[in-house]
Amino acid sequence: MHMLTKAPKGTRDILPDEIYKWYFVEEKFRQICHQFGYHEIRIPVFEHTELFQRGVGETTDIVQKEMYTFDDKGGRSITLRPEGTAGVVRSYIENGMASWPQPVKLFYDIAVYRYENVQKGRYREFHQFGVELFGAADPSADVEVISMLHLFFNRLGIKSLALNLNSIGCPTCRAAYNERLKAYLRPKLERLCSTCKDRYERNPMRIIDCKEESCRSELVDAPALLDYICEDCSRHFEKVKEKLSAMGIVYSIDKGIVRGLDYYTRTVFEFVSDTIGSQGTVCGGGRYDGLIEACGGKPTPGIGFGLGIERLLLQMDSQGIVIPQPDPPDVFIGVIGDRAEQFSESLALKLRTAGITCHKDIMGRSVKAQMKYANKLNARFAVILGDSEVESGKVELKNMVTGEGRDIHIDTLMDRLLKSRQGAV
RNA sequence: GUGGGUGUAGCUCAGUUGGUUAGAGCGCCAGAUUGUGGCUCUGGAGGCCAUGGGUUCGAAUCCCAUCAUUCACCCCA
């Protein structure tokens with residue numbers, strides 16, 4: 001197939017026969033956000049490249065090799081957003097949200113862009129729900145965010161996502177840990193892979209995450225960050241766990257969660273599926289108490305998550321969750337002849353004005369073809385308008401499910417259609 | 001960036017040891033006597049057999065390359 005008629009790698013069309021699923025989860029997400037006090041923010045698709053370099057982190061894969069970056073005609077370096085947090089943080093600072101009533105709770109529903117090789121559940125353009133909560137340092141904030149996700153998944157009927165939890169400490173205890181880790185690794189340094197040698201200086205913590213067999217074997221008794229976090233961080237984490245348990249939210253500790261973004265602090269978490277392929281992380285999030293300051297704002301605690309919509313839908317599909325399909329059209333108006341054509345156009349407008357979903361023939365087809373079309377549309381009723389109907393004012397209102405027809409006066413059509421929605425035909 | 005699988009109609013797929021004009025089902029359009037859908041029947045449209053080379057008298061079929069797609073590694077949502 002030619003390039004001209006082929007969507008770029010990693011992108012896809014969401015067609016009408018699928019879009020109702022998107023509407024459904026989007027609506028559920030909006031609902032729950034409003035219930036938890038979040039307001040929607042819409043941010044640009046692109047930002048200055050420096051924002052992501054700073055806000056996501058220079059050592060991350062996202063910044064090092066996955067960004068869609070280009071120079072605009074004014075010579076500025078621009079990048080398509082690879083995630084939502086950085087843009088929202090920028091907006092928080094730019095719009096002086098520090099002087100809004102605290103905490104500031106925002107949510108978004110966006111497309112994001114990463115140059116990666118595609119596979120199941122991974123695309124170059126994909127979609128995320130996300131929230132960002134600014135100004136609340138207390139463990140209550142962590143727990144509220146997680147409980148919101150818990151409720152969201154429950155409402156969608158999703159049962160089998162595992163919640164994994166970790167704490168990656170604060171800059172202070174992490175620095176101490178990094179020294180400890182480096183001391184552990186120093187004699188083994190030569191046997192680590194090349195990326196890990198690089199990480200050793202820049203971000204040793206991420207070596208823990210390396211999947212290379214050679215590195216893994218060197219790491220078997222490496223110190224785990226969670227065992228070395230400072231007293232404050234530890235107390236914070238204990239509170240989070242305690243509160244989750246009190247709310248009956250089941251979790252497990254995964255000391256391996258490091259998060260790909262540099263500015264995460266303390267609580268990090270994931271909701272993971274084992275039924276949607278090897279890319280099972282449906283939602284990932286955590287606390288980023290250093291990020292706002294790093295981006296030029298006043299020191300402000302923050303916490304949030306990103307939730308992959310494609311993966312969410314994959315998960316629902318893998319569980320056999322049926323999303324309700326949109327209501328079929330109320331009525332199809334078939335037309336024969338010029339006089340009826342005029343009449344039917346006015347009638348259709350009148351019905352539509354009253355909120356009735358009404359389709360009519362605009363192809364000039366035979367009655368038979370029009371009825372076939374009405375059937376494909378799944379219309380609940382059909383009427384045919386010809387000269388005799390226009391003259392007499394009587395039409396046959398045909399129930400397309402039962403096949404029964406009944407003669408009615410055209411002036412009562414609207415009323416009957418409205419009533420039929422309540423089950424009375 | 002690295003591996004494996006797959007490329008034939010809008011979709012799902014047949015296509016024999018290489019042998020005339022490449023098929024089916026679904027979908028689309030039209031018809032089966034007057035102005036009525038679903039079931040059935042008939043007909044029609046729709047293919048550079050991914051692309052480019054090669055082998056051969058002859059290639060959808062065999063070989064090579066490229067591209068696309070898909071799964072996986074890595075990483076992440």
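The structure presented is a predicted model; accordingly, all values stated were derived computationally and were not measured. In what follows, every chain begins at residue 1, and chains take the letters A, B, ... in the order their sequences are listed.
Comparing B/U40 with B/G52, their C1' atoms sit 48 Å apart, to the nearest whole Å. For the P atom pair drawn from B/C41 and B/G46, the interatomic distance equals 24 Å after rounding to whole Å. Nucleotides B/G5 and B/A65, compared at atom P, are 13 Å apart to the nearest Å. B/C11 and B/G7 have their P atoms separated by 15 Å, with the value rounded to a whole Å. Using P as the reference atom, B/A60 and B/A50 are 10 Å apart when rounded to the nearest Å. One C1' atom belongs to B/A30, the other to B/G4, and the distance between them is 47 Å to the nearest Å. Rounded to whole Å, the C1' atom of B/C26 lies 26 Å from the corresponding atom of B/U16. Here, B/G18 and B/C49 have their C1' atoms 15 Å apart, quoted to the whole Å.
Taking atom CD of A/Q64 as the reference point, atom P of B/C74 lies 17 Å away to the nearest angstrom. The CD-P distance, from A/E66 to B/C76, rounds to 8 Å in whole Å. Distance, A/E116 CD to B/U70 C1': 16 Å, rounded to whole Å. Atom P of nucleotide B/C29 and atom CG of A/D361 are separated by 12 Å, given to the nearest angstrom. Rounded to whole angstrom, the span from the CG atom of A/D17 across to the C1' atom of B/G27 amounts to 13 Å. Rounded to whole Å, atom C1' of B/C75 lies 14 Å from atom CZ of A/R124. In this structure, CG of A/D61 is placed 11 Å from C1' of B/G1, rounded to the nearest angstrom. Between A/F126 atom CZ and B/C76 atom C1' there is a gap of 7 Å when expressed in whole angstrom units.
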Check nucleotides 2-5 of chain B for protein N or O atoms closer than 3.5 Å to its own N or O atoms and list the pairs.
from: B/U2; atom 1: O4; to: A/N117; atom 2: ND2; distance (Å): 2.7

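A/T11 OG1 to A/K9 NZ: the interatomic distance, rounded to the nearest 0.5 Å, is 11.0 Å.
Residue contacts shown for A/G121 include a base, since a base heavy atom lies under 4.0 Å away. In this structure, A/Y123 reaches the bases: a heavy-atom distance under 4.0 Å links it to at least one base atom across the strands shown. As judged by a 4.0 angstrom heavy-atom cut-off over every strand, A/R365 is placed among residues touching the sugar-phosphate backbone only.
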Where protein sits on nucleotides 33-45 of chain B, one letter per nucleotide: B base, S sugar-phosphate only, - none, heavy atoms under 4.0 Å: --BBBB-------
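Counting only residues at least two apart or in different chains, salt bridge (charged side-chain N to carboxylate O under 4.0 Å, His left out) contacts with residues 315-330 of chain A comprise A/D330-A/R380, A/D330-A/R421. Applying the side-chain hydrogen bond (donor to acceptor under 3.5 Å, both in side chains) test to residues at least two apart or on different chains, the pairs with a partner in residues 29-52 of chain A are A/E27-A/R30, A/Q35-A/R155, A/E40-A/R42, A/E47-A/R90, A/T49-A/S77, A/T49-A/T79. Sorted by first and then second residue, the pairs that involve residues 358-378 of chain A and meet side-chain hydrogen bond (donor to acceptor under 3.5 Å, both in side chains), not counting sequence neighbours, are A/E341-A/K360.
Applying the side-chain contact (heavy atoms from CB on, under 4.5 Å) test between A/D289 and each of A/T300, A/T267, A/T265, A/I303 identifies A/T265 as the sole match. With A/S278 as the partner, the side-chain hydrogen bond (donor to acceptor under 3.5 Å, both in side chains) test is satisfied by one option alone out of A/R122, A/Q119, A/K120: A/Q119.
We find that A/R12 and A/E310 are not joined by a salt bridge, their nearest charged nitrogen and carboxylate oxygen being 4.0 Å or further apart.
In plain terms, the two heavy atoms of A/P82 and A/M67 that are nearest each other are CG-SD, 4.1 Å. A/I43 and A/R81 get closest at one heavy-atom pair: O-NH1, 3.0 Å. Between A/F36 and A/S147, the shortest heavy-atom distance links the atoms CE2-OG, 3.9 Å.
When each of A/V118 and A/E310 is assigned the nucleotide of RNA chain B with its nearest heavy atom, A/V118 is the one assigned upstream, toward the 5' end. Along RNA chain B, the nucleotide nearest A/G277 and the nucleotide nearest A/K9 are compared for position; the residue whose nucleotide lies closer to the 5' end is A/K9.
In this model, a side-chain donor or acceptor of A/Q279 finds a partner on the base of B/C75 within 3.5 Å. For A/R311 against B/C76, a side-chain-to-base donor-acceptor contact under 3.5 Å is present.
Stems are defined here as 3 or more consecutive Watson-Crick or G-U wobble pairs with pairing distances under 3.5 Å; those involving RNA chain B are B:1-7 with B:67-73, B:10-13 with B:23-26, B:28-32 with B:40-44, B:50-54 with B:62-66.
A cation-pi arrangement is absent between A/R266 and A/F237, since the terminal nitrogen or guanidinium carbon is not both under 6.0 Å from the aromatic centre and inside a 45° cone about the axis.
OP1 and OP2 of B/U70 both lie 4.0 Å or more from every side-chain N or O belonging to A/R122. Residue A/Q119 places no side-chain N or O under 4.0 Å from the OP1 or OP2 atom of B/C76.
A side-chain donor from one of A/Y113 and A/E125 sits under 3.5 Å from a side-chain acceptor of the other.
The six-membered or imidazole ring of A/F107 lies away from that of A/F129, with a centre-to-centre distance of 6.0 Å or more.
Residue A/K394 places its NZ atom among 12 or fewer non-hydrogen atoms of other residues, nucleotides or ligands, all under 6.0 Å distant.
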